[in-house]
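The chain is numbered in sequence order, starting from 1.
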Amino acid sequence: MIHSIICKRLLVFLTIAVTGFLSPVFAIDLLEMPAVQSSAATRTLLLDLVNRGERSFVAVGTYGVIIVSGDNGESWVQSEVPASVALTGVAFPSPESGWAVGHDGLILHSADGGKTWQKQLDGVQLNQQIMAVAERIVAQFRDALEDIESQEEPDEMELEDARFQLEEAEFMLEGATDDTAAGPVRPLLDVWFRDEQEGFVVGSYGMLLHTTDGGQNWELVSERMDNAEAFHLNHITPAPDGALYIAGEAGFVFRSTDGGASWDSLEPGYEGSFYGVLVVPSEGGEYELLAFGLRGHLFSSMDKGDTWTALDSGTTITLMSGTLLSDGTVMLAGQGGTILVRKPGQQSFRPAMNPDRRPITGLVQTDQGNVLIVGLGGIRKADASGSPLAAPPEKQ
């Protein structure tokens, strides 16, 4: 994500331009300032939501807002959150244990179903990790160059390659130094947990974080990817066979088949950003991948990302989120209130009758079969065809 910052981040910038990235000092204050309790929490810009089980849902958004519903989205209660930065992703591997991530490198954890949250990592600590990794890489390439130079008859091509790699590493270190001086300003964009212990967080500038102890320790593992340009990583999702997929900037999708230890770079066939990958299971344990993003670009893969086919989404509107309904219906959504629906057995997507033009950043089906939608203007509901339902009541 952010050579062209749109989607979730563009919405945040338009809504709270005065509270993000303008002042490192103010950003640090937001990390330390608890989210304000407000009756308007259900109407603020919300950026993601998740079904945590037991008819319960958690949504996150700007100003550190987190709201929880225990009745299929009929009513919502705002949570206690120790920071006021925009929150962009949320995951609950179990009904009680969940994580939320957001701007300024923030990672939060809840052990009580989302009612209260504690900080696990912020951008100050993350900058320290970035600097340490950059310094280690420079030292490795410097040692490699010295080893080649110490040979009696060093190979000129090896020398040239080693010098180039060292220059690139030093350039990366300079960038990390500048970013650290600017403060904790790197957004984290999505989170996924395999269970209550192991999880991954993805973010801007190629950030990939990993934990195996429930977030007590987070390790920056961006080196596992071939992403020298530090393209933004927007969304991470699992597949039924255990593979992991990350939707990225510049037309990249990344795939891991070994639990996140290494990643393959996949190129569906266009150079814009992907904002999500949706996994659509089929018979025999197989599945379809749908990668969607800028200007309605939509690609399908039936062989786990090895090859891709461009699909006609029927729109040039940016697609920002997607969900799979219980009957196999695929629903994609994005800017301008666009909702696209593909019923099981159909090949093409059709637009839903949705007169609400507010951007949509997330959607999840409820146990009742309806769909909860979040985005600009907060929480709203649609039926399984994407048509709007009456809005839920405000927090009491």
Side-chain angles (χ1 to χ4, degrees), residues 1-10 48 88-89 101 130 133 137 165 168 171-172 175-176 179 186-192 199-210 220-239 241-280 287-311 313 316-322 332 334-335 361:
M1 304 178 177
I2 307 176
H3 285 168
S4 55
I5 302 179
I6 69 168
C7 266
K8 293 183 180 179
R9 274 142 306 123
L10 175 59
D48 196 19
T88 55
V101 302
I130 293 171
V133 169
I137 292 174
Q165 290 174 333
E168 289 290 297
F171 179 75
M172 181 180 69
D179 289 342
R186 292 172 179 259
L188 299 176
L189 300 169
D190 198 23
V191 55
W192 172 80
F200 289 90
V201 169
V202 298
S204 61
Y205 304 103
M207 285 190 295
L208 177 65
L209 296 162
H210 182 220
L220 183 66
V221 294
S222 302
E223 294 173 81
R224 297 179 184 179
M225 309 181 104
D226 182 12
N227 186 17
E229 298 296 323
F231 292 126
H232 308 303
L233 308 177
N234 297 328
H235 173 254
I236 180 170
T237 192
D241 61 356
L244 297 174
Y245 294 89
I246 294 176
E249 186 186 23
F252 281 97
V253 173
F254 297 92
R255 175 186 63 198
S256 177
T257 57
D258 56 10
S262 63
W263 296 82
D264 301 317
S265 299
L266 313 175
E267 299 182 51
Y270 103 115
E271 297 181 355
S273 290
F274 286 116
Y275 293 108
V277 176
L278 188 64
V279 178
V280 185
Y287 55 86
E288 177 189 18
L289 297 174
L290 290 171
F292 51 87
L294 282 176
R295 294 184 291 277
H297 281 95
L298 178 62
F299 290 79
S300 170
S301 175
M302 302 301 298
D303 55 10
K304 303 179 181 180
D306 288 336
T307 62
W308 297 81
T309 301
L311 303 181
S313 68
T316 57
I317 298 295
T318 292
L319 301 172
M320 296 186 287
S321 59
L332 305 177
Q335 296 280 25
T361 56

Distance col, row S313:OG vs L319:CG, nearest 0.5 angstrom, shows 5.5 Å

The reported gap from NZ in K304 to OG1 in T257 (rounded to nearest 0.5 angstrom) is 9.5 Å

Heavy-atom closest pair (P268 atom, G251 atom, distance to 0.1 Å) is CD-O, 3.2 Å

F252 meets the ring-ring contact (aromatic ring centres under 6.0 Å, His included) criterion, sequence neighbours left out, with F231, F254

Taken in chain and number order and not counting sequence neighbours, the residues that satisfy salt bridge (charged side-chain N to carboxylate O under 4.0 Å, His left out) with E223 are R136

The side chain to side chain donor-acceptor pair (under 3.5 Å) partners of D303 (sequence neighbours excluded) come to S301, T307

To the nearest 0.5 Å, atom CE of M302 lies from atom CH2 of W308 at 11.5 Å

- Please check if any side-chain donor atom of S300 sits under 3.5 Å from a side-chain acceptor atom of E288, or the reverse. yes

Taken in chain and number order and not counting sequence neighbours, the residues that satisfy side chain to side chain contact (heavy atoms under 4.5 Å, CB included) with S222 are L208, L220

Residues passing the side chain to side chain contact (heavy atoms under 4.5 Å, CB included) test with D226, sequence neighbours excluded, are S265

Which of parallel (below 30°), tilted (30 to 60°) and perpendicular (above 60°) describes Y245 and Y287? perpendicular

Output for pair (D190 CG, I236 CD1), nearest 0.5 Å, gives 7.5 Å

Between the CG atom in L233 and the CG atom in L189, the distance rounded to the nearest 0.5 Å is 8.5 Å

Those residues at least two apart in sequence (or on a different chain) that pass salt bridge (charged side-chain N to carboxylate O under 4.0 Å, His left out) with E271 are none

Sorted by chain and number, sequence neighbours left out, ring-ring contact (aromatic ring centres under 6.0 Å, His included) with F299 holds for Y270, F274

S262 meets the side chain to side chain donor-acceptor pair (under 3.5 Å) criterion, sequence neighbours left out, with D258

